[in-house]
Amino acid sequence: MVAITLPDGSTRNYPGPVSGADIAMDIGPGLAKAALAVRVEGVMRDLSSVIDGDANVSIVTAKDADALELLRHDAAHVMAEAVQELFPDAQVTFGPATENGFYYDFARATPFTPDDLERIETRMKEIVERNETIVREVWSRERATTFFKDKGEAYKAEWVAELPGDAEISIYRQGDWLDLCRGPHLPSTGKLGKAFKLMKLAGAYWRGDARNAMLQRIYGTCWPDEKALKGYLLQLEEAEKRDHRRLGREMDLFHLQEEAIGSVFWHPNGWILYRAIETYMRRRLEANGYVEVRTPQLVDRSLWEASGHWEKFRENMFTVEVEEDKTLCIKPMNCPCHVQIFRQGIKSYRDLPLRMAEFGSCHRYEPSGALHGLMRVRGFTQDDAHIFCTEDQITSETKAFCDLLMDVYRDFGFTDVRVKFSDRPAKRAGSDDVWDKAERALTDATTAAGLETTLNPGEGAFYGPKLEFVLRDAIGRDWQCGTLQVDFVLPERLNAAYVGEDGEKHRPVMLHRAILGSFERFIGILIESYAGKFPLWLAPVQAVVATIVSEADAYAGQVAERLRAAGIRTAVDTRNEKINLKVREHSLTKVPVMLVVGKREAEQATVAVRRLGGQEQELLALDTAVATLAREAAMPGG
RNA sequence: GCCGAAGUAGCUCAGGGGUAGAGCAACUGAUUCGUAAUCAGUAGGUCCGGAGUUCAAAUCUCCGCUUCGGCACCA
């Protein structure tokens with residue numbers, strides 16, 4: 001007897017082992033038709049898999065959230081089948097489901113073309129129509145190895161060889177095509193449906209290693225139905241409209257050009273935004289016990305040799321040969337310079353923690369393929385600071401930092417922040433004792449700050465563990481902004497010391513930390529996150545006074561003066577144009593507030609206030625409007 | 001850096017071995033108008049750069065640069 005318990009709590013008994021399909025059929029033919037897979041004790045399995053003992057079971061249909069992953073994984077298989085039918089010389093490698101779809105990596109001498117994509121997609125739809133039954137088989141290692149080797153599938157053969165000894169080698173067969181795969185899969189290709197689309201071609205290294213061959217990756221997206229697919233494509237289009245590179249041009253914030261690759265030309269409007277953020281950060285840091293410094297751009301190579309950067313980071317550094325045997329480096333980081341300031345004079349334990357901040361302008365020679373708008377540049381400014389403290393202060397300083405960081409992010413409208421915790425790497429400096437202490441300190445601090453972290457095992461810096469704070473751009477790409485890194489090594493290398501209570505010399509610990517990361521990247525993300533519609537305190541132009549008739553020109557000037565006197569960045573538009581045009585143009589450049597004035601307003605000392613994106617207007621006395629806007633435009637945190 | 005694609009007016013894009021095209025923007029003029037495009041006219045180009053093929057190259061070929069999409073990288 002096998003007792004199967006269903007999600008509703010009911011139990012069905014079977015005389016012997018049953019498959020998921022049997023159970024679904026037993027419950028009803030409708031469900032049997034809709035069934036895609038079965039979840040046994042929470043684990044997703046093939047519908048055909050046999051359950052031979054009592055179990056909690058649920059039937060997975062397209063309505064299930066995790067049916068999507070199944071669907072997408074199948075889409076990858078169907079694509080691979082289509083590709084191999086059309087291009088028999090293409091070798092298969094891997095093809096997983098992704099956040100919005102799937103991809104499959106192929107090895108092939110001649111690259112696929114965009115035209116090929118159309119052919120492949122058409123063939124995929126044919127395979128769905130063939131409704132090939134998907135069958136799972138378990139092969140011996142020898143059989144699998146021989147099979148893939150004979151077929152010329154070198155990558156699959158390599159993978160089989162590397163599967164652990166006790167691993168079951170499962171093969172999924174659909175029609176004449178098969179693939180080595182862990183599964184689970186749908187019962188047949190027809191269940192996939194046709195709500196998929198091949199999106200783009202890309203290169204990708206075999207097993208993600210740049211030393212390996214480059215494969216050809218085809219990305220696709222896949223959804224349960226046509227409506228969801230359309231919705232996704234529409235969402236992509238919308239996201240494209242908030243691309244910071246596009247908005248940067250439309251709103252006249254900045255530009256990039258060939259003669260200064262990877263460096264930003266900030267236009268007046270963009271620079272207002274930049275400075276507003278800098279002012280805000282400076283106030284925040286001052287309120288949190290930081291001191292601000294400024295250190296040199298050009299620093300002799302010897303300091304970088306001493307810090308270890310010359311050895312580890314040289315390829316990313318711009319250098320200048322000034323005279324024979326003298327190399328200056330354009331600083332890629334601020335830390336060694338901050339240690340130099342720390343080292344001036346004798347520091348006592350009473351001076352700690354010393355929080356030294358700099359809006360540090362740095363340059364790094366980033367690989368050409370990595371450059372991306374404001375997000376990845378070669379010249380940037382960090383909201384950098386180094387906290388010199390004792391080991392005992394790591395937890396409290398980290399906690400204080402996390403609180404500050406979350407406060408700042410909240411002020412910029414970010415509440416969904418991912419925090420990654422990177423612990424000790426294989427190659428590292430410092431004793432295990434010290435690492436234990438540092439990792440525990442970070443863990444305690446994040447817990448105290450109420451942050452959930454995901455572990456990035458072995459990804460810490462060689463000099464200490466770190467926290468990374470990740471924000472997401474308009475099209476779902478993640479960018480690291482904030483960071484906190486514990487460093488035991490640099491104080492040692494650059495000989496930073498303080499005198500302790502005991503009168504002896506001690507090494508301080510350095511916490512490298514940034515909240516925005518770089519102004520450039522943060523502003524890029526900010527633009528996308530707000531879709532250019534900044535809150536009042538950040539908007540480069542906060543208000544436009546627009547006239548309806550030229551008789552109101554003089555009054556418009558007075559209104560603007562009043563607003564400016566109240567600290568509001570105001571422009572006046574007295575062009576001889578219709579109000580419709582003015583509203584449209586200032587809406588497109590995302591000015592948050594428009595004050596429309598005509599004859600009526602001029603006579604009554606009022607303004608018609610129109611908010612960006614809104615339909616209605618509010619008629620206010622000029623005094624009221626100025627007071628309201630001044631209050632709204634105030635920088636958060638005073 | 002690697003794989004692929006693209007580069008034509010300020011922007012979006014069409015064209016394609018034989019005089020360089022459109023819409024929007026710009027400029028000029030008219031229009032004084034009540035909340036997302038008033039009308040008319042004018043001007044605007046090293047077709048990314050360099051070499052080659054050709055009577056003739058924006059167009060074909062090669063090399064380079066930049067950008068875009070991925071991958072790798074991001075101490």
Side-chain angles (χ1 to χ4, degrees), chain A residues 103 105 108 110-114 116-117 199-219 240 243 245-246 249-250 252 255-262 307-309 311-317 332-333 335 364-373 375-378 422 425 427 459-464 466 468 475 477 479-480 483 485 487 489-490 512 517-518 521 546-553 574-588 594-601 608-619:
Chain A
Y103 66 79
D105 289 344
R108 182 166 180 252
T110 41
F112 296 111
T113 67
D116 292 338
L117 282 196
M199 303 295 282
K200 52 197 175 192
L201 287 162
Y205 298 107
W206 167 236
R207 306 178 85 169
D209 189 329
R211 289 167 300 189
N212 290 339
M214 180 151 279
L215 308 171
Q216 290 176 62
R217 177 170 297 180
I218 303 177
Y219 281 96
E240 213 173 292
D243 189 308
R245 292 165 297 188
R246 175 179 172 147
R249 186 179 57 240
E250 290 173 358
D252 198 15
H255 85 270
L256 300 156
Q257 71 181 51
E258 277 195 37
E259 288 79 1
I261 304 160
S307 71
H309 289 96
E311 188 200 344
K312 292 236 163 214
F313 204 66
R314 177 161 157 49
E315 283 182 358
N316 292 286
M317 290 162 71
M333 296 175 204
C335 19
R364 297 180 190 173
Y365 187 77
E366 300 286 354
S368 57
L371 300 176
H372 181 91
M375 305 296 201
R376 193 77 181 270
V377 285
R378 286 180 176 163
S422 301
K427 268 186 153 181
E459 290 296 310
F462 77 94
Y463 50 71
K466 62 182 179 187
E468 290 176 358
I475 51 176
R477 287 182 289 210
W479 298 95
Q480 184 199 313
T483 182
Q485 306 176 8
D487 185 354
V489 173
L490 206 57
H512 306 242
S518 90
R521 175 177 295 179
T547 52
I548 290 170
V549 290
S550 52
E551 285 168 283
D553 287 2
T574 53
R575 291 175 301 165
N576 178 13
E577 296 289 354
K578 287 188 161 182
I579 194 62
N580 290 290
L581 184 87
K582 295 185 186 183
V583 165
R584 175 179 159 81
E585 286 189 354
H586 301 302
S587 298
L588 288 174
M594 243 177 283
L595 301 124
V596 178
V597 296
K599 231 168 136 181
R600 228 159 45 213
E601 287 78 7
V609 178
R610 181 197 166 98
R611 304 283 177 158
L612 177 59
Q615 301 294 321
E616 52 303 334
Q617 308 107 48
E618 195 182 5
L619 190 67

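In what follows, chains are A, B, ... by sequence order, proteins preceding strands, each numbered from 1.
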Would you kindly give the [atom1]-to-[atom2] distance between [X] and [N], to the nearest whole Å?
X: A:Lys582; N: B:A36; atom1: NZ; atom2: P; value: 14 Å
X: A:Met199; N: B:A5; atom1: CE; atom2: C1'; value: 16 Å
X: A:Arg249; N: B:C11; atom1: CZ; atom2: P; value: 7 Å
X: A:Arg245; N: B:U67; atom1: CZ; atom2: C1'; value: 9 Å
X: A:Glu551; N: B:G34; atom1: CD; atom2: P; value: 13 Å
X: A:Arg207; N: B:C2; atom1: CZ; atom2: P; value: 24 Å

Taking atom types as they are modelled, is there a donor-acceptor pair under 3.5 Å from the base of [N] to the side chain of [X]?
X: A:Glu366; N: B:G1; value: no
X: A:Arg376; N: B:C73; value: yes
X: A:Tyr365; N: B:G1; value: no
X: A:Asn576; N: B:C33; value: yes

For a quick check of understanding: with a heavy-atom distance under 4.0 Å over all strands, which category does [X] fall into, base, sugar-phosphate or nothing?
X: A:Arg378; result: nothing
X: A:Phe112; result: nothing
X: A:Leu201; result: base
X: A:Gly308; result: nothing
X: A:Glu601; result: base

Identify which nucleotide among [options] has an atom closest to any side-chain atom of [X], counting heavy atoms from C-beta outward.
X: A:Ala202; options: B:G70, B:A36, B:U67; answer: B:G70
X: A:Leu371; options: B:U66, B:U67, B:U35; answer: B:U67
X: A:Ala370; options: B:G70, B:C73, B:A36; answer: B:C73
X: A:Gln617; options: B:U35, B:G1, B:U67; answer: B:U35
X: A:Ala608; options: B:U35, B:C71, B:G70; answer: B:U35
X: A:Asn580; options: B:U35, B:C73, B:C11; answer: B:U35
X: A:Arg610; options: B:G4, B:A36, B:U67; answer: B:A36
X: A:Ile579; options: B:G70, B:U66, B:G34; answer: B:G34
X: A:Lys599; options: B:A36, B:C71, B:G34; answer: B:G34

Side-chain donor-acceptor pair under 3.5 Å between A:Arg207 and A:Tyr205, yes or no?
no
Within the 3.5 Å criterion, strictly below it, is a donor on A:Thr483 or A:Gln485 matched to an acceptor on the partner's side chain?
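On atom types as modelled, these side chains qualify, holding a pair under 3.5 Å.
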What pair of heavy atoms forms the shortest contact from [X] to [Y], and how long is it?
X: A:Ser422; Y: A:Gly460; answer: CB-N, 3.4 Å
X: A:Trp479; Y: A:Arg376; answer: CZ3-CB, 4.5 Å
X: A:Leu371; Y: A:Glu366; answer: CD2-CB, 4.1 Å
X: A:Ala546; Y: A:Ile579; answer: CB-CD1, 4.1 Å

With rounding to the closest Å, how many angstrom separate the P atoms on B:A25 and B:C11?
15 Å
On a whole-Å scale, what distance lies between the C1' atoms belonging to B:U67 and B:U8?
15 Å
Write down the partner of B:A43 under the Watson-Crick or G-U wobble criteria, each distance required to be under 3.5 Å.
none
Could you check whether A:Glu577 pairs with A:Arg584 (Lys NZ or Arg NE/NH1/NH2 to Asp/Glu carboxylate O, under 4.0 Å)?
no
